[in-house]
Amino acid sequence: MLLAVAAKAGAVRWAFLHEDFNGWFYMWCDFVWCALAATLFLALPGVLLCRAFRFDAAASLCCSFMAATALYAVLAMVLPLVGVKASWVVLLCLALALAACAWAVSHFCARGAAVVLTGDALRRACCGRLSGNAGLVVLYGTIGIAVVSVIFVCNISSPDAFWRAWDNVHHLSSVRAFMESGNFSSLTTTSYATAADAAVTPFPGEAMFYPSAWHCLVAMVAQAVGAQPALAANAVNAVLMGIVLPLSMFALLRRLLPASLSVLACGAACVLAFGTFPWGFLTFGPLYPNLMSYALLPAAAFAFLTVFDRGIGCGRRAANIAFFVIGLVSLALSQPNAVFSLGVFLVPYCVMQSHRGGVCLRDKKGWKTAPLLCAIACIAAIAAFWFLMYHMPFLQGVIEYNWPAKADPSQAFASLLMMSHGYAPVQLILAAFVLTGLAIALRRPEYRWFAWSYLFASAIFFIDMAFNGAVKHFIAGFWYTDQLRTGSMAAIFAVPLAALGAHRLADIAALAFDRLVCVGASRGKRPSVIVRLGCAAVLFAAIFYPSFDMSGRFYVNTAFGDIGARITAQTDPAKVHYLDEEEREFVRQACEIVPSDQVLLNRPNDGSVFLYGADGVRTYYRYLTGYEGGWGESRQSVLIRKSLCYIAENAEVRDAVKSVGAQYVLNLDAGYDGDKPGEGGAKRRFLPSDGIRDEWWSGISSIDDDTPGFEVVLSEGDMRLYKITM
């Protein structure tokens with residue numbers, strides 16, 4: 001509801017600013033429909049599948065997103081193998097059918113009788129009894145939706161706005177390719193997925209495995225609502241942050257901190273309080289698949305913990321193991337580094353369980369050293385597995401990727417201590433929450449293991465942030481040695497500690513307030529619930545407070561003020577010049593001239609690399625990299641990008657152009673050189689400093705209005721559409 005209100009408020013605001021009420025209003029309505037579709041697509045089959053594993057209603061709802069993600073991703077890989085085209089209808093119906101069958105089999109085995117799948121039976125299966133958890137589930141969801149509405153939805157420049165940045169080249173193009181080809185599989189991802197595109201691709205045979213659960217969900221939502229990929233992506237990301245992550249975290253926190261409802265209530269406000277995660281994944285990269293995998297990670301951790309439930313039979317334990325495997329599949333097909341993050345979180349728990357097993361052996365067999373030996377054996381096994389994964393050939397591209405150190409050790413430690421993680425402005429109050437919670441957890445045996453999980457993740461981030469070399473790659477290589485990813489892992493693991501610390505500090509603040517205001521009237525008694533809630537609200541409001549100007553003397557840049565400003569700047573086409581609205585309007589006019597079945601030759605580093613994913617323009621070059629021998633480029637592509645300007649005198653170039661069926665050339669920055677290194681000006685192209693070379697497409701960039709073999713058919717400023725006349 002809050003998301004819908006925010007969307008409509010944004011629609012009215014932008015409608016008046018742009019004098020196009022109907023267009024903006026319907027676009028925001030599409031955003032709301034996409035958000036609802038994403039929620040239902042994940043919840044409906046997911047809840048049924050979780051109920052098949054006999055989890056209670058609250059756990060089923062919170063883990064449903066993880067289960068549905070695995071279902072869709074696996075189905076999307078199977079369908080092409082059996083010759084069936086994927087669509088949102090096919091995937092949803094198959095997922096619902098499989099989940100319903102699993103639920104029916106589960107209940108048949110439990111009751112020893114046939115199960116009639118009536119509407120009332122399905123309703124009971126999905127809902128069950130929320131009992132005392134209902135209020136907390138609603139609280140987590142409400143706070144999540146409210147925070148995401150204010151910080152994200154209200155700061156994007158429009159519902160279909162997207163950041164013209166590296167990873168969005170792949171994200172938007174992959175979603176578009178899924179929608180057009182009917183192949184949503186992670187096994188064969190490519191931006192040239194249709195038969196027509198595959199026939200003319202510059203990179204024959206480049207389709208490869210890429211974890212695409214996020215892209216699959218966005219494509220389903222976009223198809224169902226009839227929205228563009230960028231709009232559907234924004235809506236899906238809002239759902240992942242506002243609903244999936246909070247409820248997934250609630251499933252874990254309910255397991256870790258079962259004794260206190262008030263601590264769990266504090267956890268609802270801690271989930272989205274870290275500037276690093278999830279917000280950094282929106283404004284760096286952007287790392288949308290990693291956003292999904294980390295949002296599902298707490299639910300996967302919960303699934304693992306259920307395997308060690310006491311007092312359950314072998315059948316139930318086997319079912320819990322199977323459910324954990326489903327969680328692993330959801331993480332691996334969203335972004336595999338989340339599997340390693342999950343491992344980091346669970347290592348101390350596994351060591352603790354091994355020690356407990358040793359205690360049982362000591363009590364039964366009298367082996368005094370059994371607990372220590374079992375713990376050491378567990379650590380050795382985990383270290384051996386880590387070493388094995390480090391040397392796996394298929395992971396070398398990830399492990400060897402190098403993000404250099406960004407700070408000296410003292411600065412890296414300060415960044416970790418202040419909850420900045422090298423990305424967001426310092427968060428002093430949140431740091432106090434985490435440190436207080438860490439002290440509490442280390443003193444209490446039942447909490448100690450996840451305190452060590454946080455310390456382990458913090459050590460990985462510290463090494464990643466402050467050092468270079470082989471040790472760094474061995475420790476942090478599974479996360480591309482990317483400090484944002486390792487810092488986000490530490491932030492996720494800090495949420496239980498922040499909940500503990502927030503609860504304790506709110507109590508201390510309430511006690512101080514009570515004694516000061518009431519002049520000791522309540523001495524010896526706990527402060528009232530209202531006072532404690534008020535103090536907690538003030539502390540959390542300080543965390544989420546926007547940036548402000550202090551009486552005109554100095555500017556205070558808060559973490560969430562900075563995040564909001566980044567989102568606004570990165571989604572405002574007036575501030576990101578790679579592909580501004582003037583250029584997109586020019587392309588729309590060009591598309592009225594160019595037949596839709598023809599490829600449009602382009603120079604991707606002028607911003608046209610985004611046109612296929614964002615607007616469905618059938619451009620020829622849809623990648624920024626992979627040229628100069630990188631991905632097995634075709635001879636025709638090499639001739640076109642290097643020698644197209646010589647088409648009038650080179651028969652090989654003419655044959656190459658005819659082989660791809662192109663008749664038009666698009667250049668959005670013809671003759672523009674104001675953004676070359678050292679010359680300042682607006683940045684209109686990806687530059688050599690970005691690893692992109694202008695000379696890679698010299699055959700296209702060298703074309704001007706007088707080049708033989710080309711005719712200007714559309715011209716405005718430095719934008720040109722040429723028709724090939726040879």
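Just so it is clear, the structure is predicted and the values come from calculations on it, not from any experiment.
Judged purely by atom type and a 3.5 angstrom limit, D309 has no side-chain atom pairing as donor or acceptor with the backbone of I312. Y447 places no side-chain N or O within donor-acceptor distance of the main-chain N or O of L500, the cut-off being under 3.5 Å.
Closest of all the heavy-atom pairs between A338 and L331 is O-CD1, 3.9 Å. Residue F178 comes nearest to N183 through the heavy atom pair CD1-O, 3.1 Å, listed as atom of the first residue, atom of the second, then distance. Nearest approach of S341 to L297, heavy atoms of both residues: CB-CD1, 3.6 Å. Between L247 and C62 the shortest heavy-atom distance is O-CB, 3.1 Å.
Close placement of the F340 and F478 rings is indicated, their centers lying within 6.0 Å of each other. Here Y349 and F308 bring their ring centres to under 6.0 angstrom of each other. Taking the six-membered ring where the residue is Trp, the centroids of F345 and W449 are separated by under 6.0 Å.
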>> Test side chain to side chain contact (heavy atoms under 4.5 Å, CB included) on M489 and F493; report intermediate values, then the result.
In response: CA-CA 6 Å; M489 175 174 61; F493 298 172; 3.5 Å; yes

> Can you check side chain to side chain donor-acceptor pair (under 3.5 Å) on W214 and T69, steps first, answer last?
Replying inline: CA-CA 8 Å; W214 180 88; T69 297; over 6 Å; no

> Would C34 and N234 count as a side chain to side chain contact (heavy atoms under 4.5 Å, CB included) if you check the C-alpha gap in whole Å, the side-chain angles of each, and the deciding distance to 0.1 Å?
Replying inline: CA-CA 9 Å; C34 284; N234 286 334; over 6 Å; no

> Would M77 and L333 count as a side chain to side chain contact (heavy atoms under 4.5 Å, CB included) if you check the C-alpha gap in whole Å, the side-chain angles of each, and the deciding distance to 0.1 Å?
Replying inline: CA-CA 10 Å; M77 292 191 296; L333 294 179; 3.6 Å; yes

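The side chain to side chain contact (heavy atoms under 4.5 Å, CB included) test applied to P496 returns L253, L256, F450, not counting sequence neighbours. Residues passing the salt bridge (charged side-chain N to carboxylate O under 4.0 Å, His left out) test with R443: none are found, sequence neighbours excluded.
The aromatic rings of F55 and F302 are tilted relative to each other, their planes meeting at an angle between 30° and 60°.
Counted by atom type alone, S488 and Y294 present zero donor-acceptor pairs between their side chains at under 3.5 Å.
Put simply, the side chain of L48 does not reach to within 4.5 Å of the side chain of L98, judged on heavy atoms.
To the nearest 0.5 Å, atoms CD1 (I321) and CD1 (I326) are separated by 12.5 Å.
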Show me the side-chain donor-acceptor pairs of residues 262-282 shorter than 3.5 Å, one per line, residues at least two apart or across chains.
from	atom 1	to	atom 2	distance (Å)
S262	OG	S260	OG	2.9
S262	OG	H503	NE2	2.7
T276	OG1	H421	ND1	3.0
W279	NE1	L272	O	3.1

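Put simply, the residue from D482, N337, D167 that forms a side chain to side chain donor-acceptor pair (under 3.5 Å) with N290 is N337.
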